[in-house]
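Notes to accompany the following structure.
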Amino acid sequence: MAGNADKNRGTMSTQLLKGQKALVTGANSGIGLATAVALGRAGADVVVNYVVGADEAEKVVAQIEGFGVRAYAHEADVSDEDQVVAMVARMVEEFGTIDIMVANAGLQRDAPVAEMTLAHWQKVIDVNLTGQFLCAREAVKEFMRRGVVEEVSRSAGKIICMSSVHQVIPWSGHVNYASSKGGVGMLMQTLAQELAPKGIRVNAVAPGAIRTPINRDAWSTPEAEADLMRLIPYRRVGDPDDIANAVVVLASDMLDYVVGTTLFVDGGMTLFPGFATGG
Ligand code: NAD
């Protein structure tokens with residue numbers, strides 16, 4: 001039924017983003033993949049960014065093209081300034097403009113702090129935080145050049161930063177990752193404050209535990225999954241579509257008045273579940 005979430009797949013069937021142009025970084029795996037597909041299903045043309053795994057990226061492109069919209073794959077490392085500049089320039093050339101930037105690419109390099117190398121610290125900050133800055137900056141230049149096109153969207157452009165519950169929950173053994181996501185929260189809010197007067201909406205989506213390759217150890221055995229449930233009041237591990245649907249609606253004019261907000265999509269993980277029975 002048009003306009004409702006499809007019960008079996010938990011996906012949106014409405015074309016909320018018809019005619020818009022979206023770029024998703026890290027879109028050949030996990031949350032980015034599901035988001036790129038959901039944006040295409042919602043009517044957007046989509047650039048599928050990847051850094052390794054061209055075959056997977058081409059499969060995502062084919063899936064998106066199946067919705068009757070345009071898509072292509074683009075290899076770029078989001079932490080490389082020249083590559084990000086070239087990626088957005090090509091998109092403007094091929095699609096005419098950009099309306100939605102989903103800065104999703106991210107990784108972990110975990111270690112107790114005493115064993116964490118500077119290289120592991122730097123890699124995570126470069127990809128998870130600097131990568132989002134570079135992607136946002138290039139998108140903003142095009143948003144400001146083009147301005148609002150009423151028939152397409154009420155806003156001059158949307159940036160969605162993929163954050164994490166670790167934007168607010170400290171995480172032992174992951175100081176590089178938690179610091180990068182804490183940084184993403186302030187990057188998002190500061191950009192939102194600076195760009196709202198120009199009609200640009202900047203927001204973040206903060207996933208809890210989502211079933212993707214990044215955290216396979218946390219859910220891939222029944223024991224690990226049972227342990228994880230202690231942290232999830234809603235008692236299920238999230239699916240990539242849970243995040244993808246949030247991105248689609250947040251990017252759409254349905255939520256046009258939402259500016260500078262982090263939407264936690266986490267089954268209640270940020271509700272301090274340890275206090276449910278104590279405190
Ligand atoms: P994933 O490993 O499946 O996907 C990460 C993607 O980022 C991959 O496509 C990878 O190739 C890409 N990537 C890595 N380095 C890159 C670079 N330098 N340039 C371009 N792309 C690069 O993991 P995921 O779970 O889908 O993670 C996506 C985002 O969601 C990340 O920002 C992650 O921090 C965030 N997140 C995930 C969870 C979760 O539970 N899965 C929870 C909170 C936040």
Side-chain angles (χ1 to χ4, degrees), residues 23-38 47-61 73-88 101-110 120 122-136 138 159-169 171 174 176-185 187-188 204-220 224-225 228 231-232 236-244 246-247 262-267 269-270:
L23 188 155
V24 183
T25 65
N28 64 347
S29 176
I31 289 170
L33 188 163
T35 299
V37 170
V47 177
V48 175
N49 162 254
Y50 69 99
V51 67
V52 287
D55 289 352
E56 287 78 14
E58 290 304 338
K59 280 186 206 148
V60 180
V61 166
H74 185 100
E75 180 186 336
D77 176 345
V78 296
S79 65
D80 183 303
E81 183 173 24
D82 292 344
Q83 291 184 33
V84 173
V85 170
M87 174 167 71
V88 176
M101 168 64 81
V102 185
N104 164 77
L107 45 73
Q108 293 179 212
R109 295 283 184 274
D110 310 328
H120 283 170
Q122 198 63 55
K123 178 75 178 170
V124 171
I125 298 295
D126 284 351
V127 173
N128 294 13
L129 183 56
T130 308
Q132 294 212 8
F133 158 71
L134 291 171
C135 290
E138 291 312 298
I159 293 169
I160 295 178
C161 301
M162 197 56 68
S163 187
S164 163
V165 289
H166 298 296
Q167 179 179 312
V168 294
I169 302 177
W171 200 15
H174 307 75
N176 47 2
Y177 184 83
S179 301
S180 75
K181 295 300 185 179
V184 164
L187 171 83
M188 180 281 289
V205 171
I210 310 299
R211 215 179 286 275
T212 77
I214 209 173
N215 58 0
R216 193 181 301 281
D217 291 351
W219 51 260
S220 57
E225 189 162 339
L228 188 56
L231 302 176
I232 309 175
R236 76 169 169 88
V237 178
D239 296 315
D241 278 340
D242 287 314
I243 307 304
V247 172
T262 298
L263 176 56
F264 286 87
V265 184
D266 66 354
M269 191 177 251
T270 40

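In each ligand, atom 1 is the first atom listed, and ligand 1 is the first ligand listed. FYI, side chains are in, hydrogens and waters are out, and symmetry mates aren't considered; it's all heavy atoms of this structure. Just so it is clear, the model here is predicted, and its values are computed rather than measured.
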**Q.** Nitrogen or oxygen of Gly208 less than 3.5 angstrom from that of ligand 1
**A.** yes
Q: Using a 4.0 Å heavy-atom cut-off, say whether Lys181 meets ligand 1 through its side chain, its backbone, both or neither.
A: side chain
Q) Taking heavy atoms and a distance under 4.0 Å, where does Leu107 meet ligand 1: side chain, backbone, both or neither? A) side chain
Q) What do the steps show when you test His74 against Leu23 for side chain to side chain contact (heavy atoms under 4.5 Å, CB included), and what is the final call? A) CA-CA 10 Å; His74 185 100; Leu23 188 155; over 6 Å; no
Can you report which non-hydrogen protein atom sits closest to [atom], along with the distance?
atom                    : result
atom 37 (C) of ligand 1 : Ile31 CD1, 3.6 Å
atom 5 (C) of ligand 1  : Gly106 O, 3.5 Å
atom 44 (C) of ligand 1 : Ser163 O, 3.1 Å

Q. Would you say atom 10 (C) of ligand 1 has a protein heavy atom nearer than 4.0 Å?
A. no
Q: Keeping the roles fixed (side chain from Asp266, backbone from Pro207), state whether a donor-acceptor pair exists under 3.5 Å.
A: no
**Q.** Which of the ligand 1 atoms, numbered from 1, are nearer than 4.0 Å to a heavy atom of Ala209
**A.** 40 (O)
(Q) With heavy-atom distances below 4.0 Å as the criterion, list the atoms of ligand 1 near Ser164. (A) 43 (C), 44 (C)
Q) Pro240 versus Ile210: any side-chain heavy-atom pair under 4.5 Å? A) yes
Q: Would you please classify the geometry between the His166 ring and the Trp171 ring as parallel, tilted or perpendicular, with 30° and 60° separating the classes?
A: parallel
